[in-house]
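Data block below; observations after.
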Amino acid sequence: MIRRHVRVRGLVQGVYYRDTCRFLAEESGVAGWVRNLHDGDVEAVFEGPPGPVTRMVRWAAAGPGAAEVTGCDVTAERPEGHRSFRILPDARPGT
């Protein structure tokens, strides 16, 4: 079990990024969450087996067809034991 925290920059809001991310994560058996940030970025956490998590990170760096990803920062973290994947409410400044 591994965990990756990603922050994606570019045109990533308003292009079905979060919904597509949730669908693909659930289909792949990856747990975690995704949310919009106040500055226009998207943040996500993927937890699960190394192969599926790595594929989700790769997908995050490209996004859905309408997205224009200009950057994707990836951080390895200790898994927290998420059991499902969900879309969180948009982050407020400072969170």
Side-chain angles (χ1 to χ4, degrees):
M1 175 84 64
I2 65 171
R3 174 184 169 109
R4 297 295 179 264
H5 188 156
V6 300
R7 183 174 181 138
V8 185
R9 295 179 304 283
L11 176 60
V12 292
Q13 292 188 16
V15 294
Y16 295 99
Y17 193 102
R18 293 173 301 158
D19 195 48
T20 305
C21 183
R22 180 192 49 80
F23 174 80
L24 293 173
E26 288 175 346
E27 186 175 71
S28 301
V30 171
W33 52 264
V34 63
R35 68 179 177 173
N36 285 338
L37 298 176
H38 70 281
D39 62 2
D41 291 353
V42 168
E43 177 183 35
V45 164
F46 304 118
E47 286 189 7
V53 169
T54 299
R55 285 189 290 278
M56 286 304 302
V57 169
R58 208 174 299 132
W59 176 85
E68 295 177 19
V69 176
T70 59
C72 181
D73 300 322
V74 182
T75 305
E77 297 178 343
R78 173 171 284 144
E80 294 181 357
H82 289 280
R83 295 183 179 267
S84 63
F85 197 91
R86 57 196 182 116
I87 297 173
L88 297 181
D90 295 355
R92 296 174 304 202
T95 62

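Keep in mind that this is a model prediction, so the values were computed, not measured. Any value given below was found using the heavy atoms of this structure, including those in side chains, with hydrogens, waters and symmetry copies removed.
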Working note: Arg7 + Leu37, criterion side-chain contact (heavy atoms from CB on, under 4.5 Å); need CA distance, chi angles, decisive distance, verdict.
CA-CA 9 Å; Arg7 183 174 181 138; Leu37 298 176; 3.4 Å; yes

Verify side-chain contact (heavy atoms from CB on, under 4.5 Å) between Val53 and Arg3, making sure each step is shown before the conclusion.
CA-CA 7 Å; Val53 169; Arg3 174 184 169 109; over 6 Å; no

Looking at every heavy atom in both [X] and [Y], which two are closest together, and how far apart are they?
X     : Y     : result
Ala67 : Ala62 : CB-O, 4.3 Å
Pro50 : Ile2  : CA-CD1, 3.6 Å
Ala44 : Val34 : CB-CG2, 3.9 Å
Gly29 : Pro49 : O-CD, 4.5 Å
Cys72 : Val6  : SG-CB, 4.2 Å

Okay, side chain of Tyr17, backbone of Ala66: is any donor-acceptor separation there less than 3.5 Å?
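No, the answer is negative, given that no donor and acceptor are paired below the 3.5 Å cut-off.
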
Between Glu68 (side chain only) and Val12 (backbone N and O only), is there a donor and an acceptor less than 3.5 Å apart?
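It does not hold such a pair.
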
Roughly how far apart are [X] [atom1] and [Y] [atom2], rounded to 0.5 Å?
X     : Y     : atom1 : atom2 : answer
Ser84 : Trp33 : OG    : CH2   : 13.5 Å
Arg22 : Thr20 : CZ    : OG1   : 9.0 Å
Asn36 : Glu43 : CG    : CD    : 10.5 Å

Salt bridge Asp39-Arg9, side-chain N to carboxylate O under 4.0 Å
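The answer is no: the pair does not qualify as a salt bridge.
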
Does any non-hydrogen side-chain atom of [Y] lie less than 4.5 Å from one of [X]?
X     : Y     : value
Pro52 : Phe46 : no
Val45 : Glu80 : no
Glu47 : Phe85 : no
Val30 : Arg4  : no

Same hydrophobic cluster for [X] and [Y], using side-chain heavy-atom links shorter than 4.5 Å among ILVMFWY?
X     : Y     : value
Val74 : Met1  : no
Leu11 : Val8  : yes
Val42 : Ile87 : yes
Val57 : Phe23 : yes

